[in-house]
A.B. asks: 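Have a look at this one.
Chain letters run A, B, ... following the sequence lines, proteins first and then strands; every chain starts at 1.
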Amino acid sequence: MFRKTVVVSLLSLAQVGLYAQAPDDVAARFKAMEDRIKALESELAAVKAALSAQPAAPETPTPQPQAPQIPMPVGVATSSSPQLSDATARLMNPAISAIGNLVGAAGHNPIDQRQSLQVVESELAFSAAVDPYARADLYLTFGESGVEVEEGYMTFTSLPAGFLVKAGRMRAAFGKMNTLHRHVVPWVDRPLVNEYLLGGEDGIRDTGFSVSRLLPSVAGIFLDATGEMYRGDSSVIFQHQNRNDLTAVGHLRGYRDLSESTNIDAGFSFARGHHAPATLDGSYAISSPESSSPVVVLLPATGNFLVSRIYGTDATVRWKPLRRSIYHSFVARTELMWHHRQEPAGLRKTFGYYASGEYQFARRWFGGVRVDQSDRLFGPRAEDTQQSVILTYWPSEFSQIRAQYRHGNYQGFGTSNELLFQIQYSIGSHGAHPF
Amino acid sequence: MYITRRRFMTAAGVGAAALKLPAKGQLKVITTTEDMASLAREVGGDRISVESLARGYQDPHFVEPKPSFISKLHGADLLISVGLQLEIGWLPPLITQSRNPRIQPGAPGYLEGSQFADILEKPAGGVSRAMGDIHPMGNPHFWLDPNNGRAVAQGIATKLSELQGADAAYFAQRNKDFAARLAEAEKGWKAKMAPYRDRKVITFHQSWPNFAKYFGIEVAGYVEPKPGIPPTPSHTLALISQMKSQNIKVIWVEPYFDTKVPNSIAQSVGGEAIVLLPSVGGVPAVTDYFKLFDYDGNLASSAFQRIEKHAS
């Protein structure tokens, strides 16, 4: 191919000479060729530098995740130097990043009994194209209680008719906060409504399929519809008794640019799943160490699992002046949820919401407020409220320090005043900015 | 049986037509920046439609991945990015969500302009975030050297010809014409900047190595202590001291950075901070690649001129 290019180039040059075209044209062609040669030289130099920088390959090379998928020609395998094969293997490595998240709490809270200091998670993320048709993303979280696959899914990017399919373990497309990993949530905690009605930190996160498609735009509104099917196993919200107890999730998102600086994003969500006919172990005042959701102890199932339906709506308004986008921005967001849960005594209807605003007042500084209100899903019927003020400082794009003052009013348990704080870092491959 | 086969053939034909690019008509080209869009317009002419995702006056490192961009990418035949991780914070999720197999990395409709350009500031040794938000594959602001603009235009013309072979001669002719006009324009730009060759300047961010090298200007320091890190008082004081000792009077600032600190530094040394445009569209008058160099060349040379006149 290269030889062919050179021959074609030489023929072109000969033609130039034969027909004595304008000197500027010849000069331009020479210049273009010179530039390409320079580019090739610099590329060659970079490859050489990379090869010389490689240490000798170990006798038993560590198997690379994708190496087995790439059949190497026998001739290449036998004639290549160990350095070359090692360098080639590294080229195929996925993008890797790690995120650390230290959370602290001071003050008293009768419901949320998180510890004073805790590395709530360390996340390892891997992502790469699997082949020309799909990519894979894997997020492993290491908490103080163990390791788990937070998400691990394959995305099929090359399907016809505008479909996008994901398969694996993932956060369900229900509202906004449920889709976000802990480290991109703009607060130290998750809103009360997510904690109470949507399973807290785990949320609706399960193993299954997600199919989404762009819908024809109406009045300039971007529309994206998502349908998901999961095996039916999401924290305290959904459980399955048999293979038919699947969880279904649907989400419709509408987005519109109001101007180049301002846009509005709204969504409707629905989830239907099953749960064990559970009862509480004793009184309500039991909390898990990592979550303000009360612990539910499941009894051996004696009958068919019951059905839960969750409805949600969300709206976000963003403002970011493009000329000063790194200095100022504002995001206002709200989510409302209705959780209808069948219980042996009848249908239990609960409701909750949060509303928040975050203003970036300097390049590295963000200030925000959030108000929460939510019914409890378990135990005696009650409604709790919280109000928070948040200040976040980003020393760089790869670390952040956050403080959150939170006042809570928990019916039957009294009030709380707390200072939550958080230090986060990200190392490795540059991730995408959340939107 | 015949009907079934005919239906099958019709369906197959429709499917093939849906997947195949039209032989005639406009190719839909989406670019990440206005600079790539301008180069694409130069060679694509009326055989393509071009739209840039980012505006010329916004920081291309920090573009919001808006869903409206997904719609644009969904219908694109060709996506031209700058590359070298300039768009790493926002483009990858948009491509994944575009539901467009034609523009996925590795597909024929995905093109990075950087592959054709002479890239500066490639880190020689190990790289670390302790060095700031550096680009580990080299400085991505390569289009600010007309030689790179020429090379990228050639690369775009080749790609357009590959995607729409029927117009290959048209693209080649447009590219040739662009190269000729660029060569002519370069004479004027170089003549204007020639008196200020070897002058030293300070820039806010590391956006200008290609521009400075092309005109023989030396970038002696940066307002940012490290790439992506806002100015600190200690670094600012050190910079003022350096500018005084080396008699540096000019600071080049990108339009999306706050000019308060650069202006203050310039005032301290009796110099000037000027807002140069790294991209087409930085101000409404700069509508194409030629006007970008016209604007920056005029501004940079007049700043040098004023300062030297004042000194004499």
Side-chain angles (χ1 to χ4, degrees), chain A residues 22 24-25 27-29 31-32 34-36 38-39 42-43 46 49 53 127 129 132-133 135 155 157-164 212-214 217 220 222 224 253 255-257 260 263 265 318 320 322-327 329 362-364 395-398 426-427 429-433 435, chain B residues 15 18-19 54-55 57-59 61-68 70-71 74 85 88-101 104-107 115-119 122 124-126 129 132-133 137 147-148 150-151 154 176 179-180 182-184 226 228-230 255-258:
Chain A
D24 282 352
D25 181 45
R29 282 168 175 266
K31 186 66 189 162
E34 195 182 323
D35 290 341
R36 296 199 61 179
K38 275 184 189 170
S42 58
E43 198 174 321
S127 70
Y133 317 109
R135 58 173 293 109
T155 307
T157 54
S158 299
L159 298 176
F163 283 104
L164 187 74
S212 68
R213 191 179 190 281
L214 301 182
S217 172
F222 164 92
D224 186 4
R253 180 187 191 187
Y255 170 92
R256 194 170 196 278
D257 286 316
E260 69 169 23
N263 53 68
D265 197 346
R318 297 181 188 83
K320 189 169 232 184
L322 298 192
R323 285 181 175 79
R324 284 289 177 270
S325 63
I326 60 172
Y327 296 103
S329 62
R363 186 168 176 185
R364 299 293 183 204
S396 75
E397 201 187 330
F398 306 97
S426 166
I427 56 175
S429 176
H430 193 313
H433 306 138
F435 181 73
Chain B
L19 292 174
R55 300 274 75 88
Y57 42 79
Q58 75 180 120
D59 188 340
H61 303 81
F62 299 99
V63 176
E64 286 192 305
K66 299 177 184 177
S68 46
I70 296 173
S71 299
H74 180 62
Q85 300 196 353
I88 195 170
W90 55 278
L91 188 60
L94 290 175
I95 295 176
T96 300
Q97 293 172 55
S98 70
R99 286 92 160 161
N100 184 349
Q104 299 297 319
Q115 65 184 291
F116 308 108
D118 182 18
I119 304 303
K122 287 183 182 172
R129 297 274 180 226
D133 189 8
M137 299 166 74
N147 292 320
N148 282 337
R150 183 182 293 108
Q154 169 68 59
K176 186 178 156 189
L182 192 60
E184 189 59 33
K226 288 176 180 174
I229 306 294
Y256 34 82
F257 289 122
D258 195 340

A.B. asks: Please rank A:S325, A:S212, A:S429 by heavy-atom pairs under 4.5 Å with chain B and give me the top one.
C.D. replies: A:S212
A.B. asks: Please determine, among B:P105, B:A107, B:S71, B:S98, the option with the most heavy-atom pairs under 4.5 Å with chain A.
C.D. replies: B:S71
A.B. asks: Which answer fits B:P230, side chain, backbone, both or neither, if we ask what part of it has an atom under 4.5 Å from a heavy atom of chain A?
C.D. replies: both
A.B. asks: Quick one: what part of A:Y255 sits under 4.5 Å from any heavy atom of chain B, side chain, backbone, both or neither?
C.D. replies: side chain
A.B. asks: Rounded at 0.5 Å granularity, tell me how far OG1 in A:T157 sits from CD in B:Q97.
C.D. replies: 11.5 Å
A.B. asks: Begin with the C-alpha distance, continue with both residues' side-chain angles, and end with the deciding distance and a verdict on side chain to side chain contact (heavy atoms under 4.5 Å, CB included) for A:L159 and B:R99.
C.D. replies: CA-CA 7 Å; A:L159 298 176; B:R99 286 92 160 161; over 6 Å; no
A.B. asks: Could you tell me which non-hydrogen atom of B:G228 sits nearest to which non-hydrogen atom of A:R363, and how far apart they are?
C.D. replies: O-NH2, 3.5 Å
A.B. asks: Side chain, backbone, both or neither: which part of A:R135 has a heavy atom under 4.5 Å from chain B?
C.D. replies: side chain
A.B. asks: Quick one: of B:Q104, B:K226, B:R129, B:Q58, who has the most non-hydrogen atom pairs under 4.5 Å with chain A?
C.D. replies: B:R129
A.B. asks: Can you measure from CG (B:D59) to CZ (A:R324) and round to the nearest 0.5 angstrom?
C.D. replies: 11.0 Å
A.B. asks: Pick whichever of A:R318, A:R256, A:R253 has the most heavy-atom pairs under 4.5 Å with chain B.
C.D. replies: A:R253
A.B. asks: Supply the atom-to-atom distance B:I229 CD1 to A:E397 CD, rounded to the nearest 0.5 angstrom.
C.D. replies: 9.5 Å
A.B. asks: Between B:L91, B:L182, B:D133, who has the most heavy-atom pairs with chain A when the cutoff is under 4.5 Å?
C.D. replies: B:D133
A.B. asks: Please look at B:N100 and chain A and tell me whether the side chain, the backbone, both or neither of the residue comes under 4.5 angstrom of a heavy atom of that chain.
C.D. replies: backbone
A.B. asks: For the backbone of A:I326 and the side chain of B:Y256, can you confirm whether one donor and one acceptor N or O come within less than 3.5 Å of each other?
C.D. replies: no
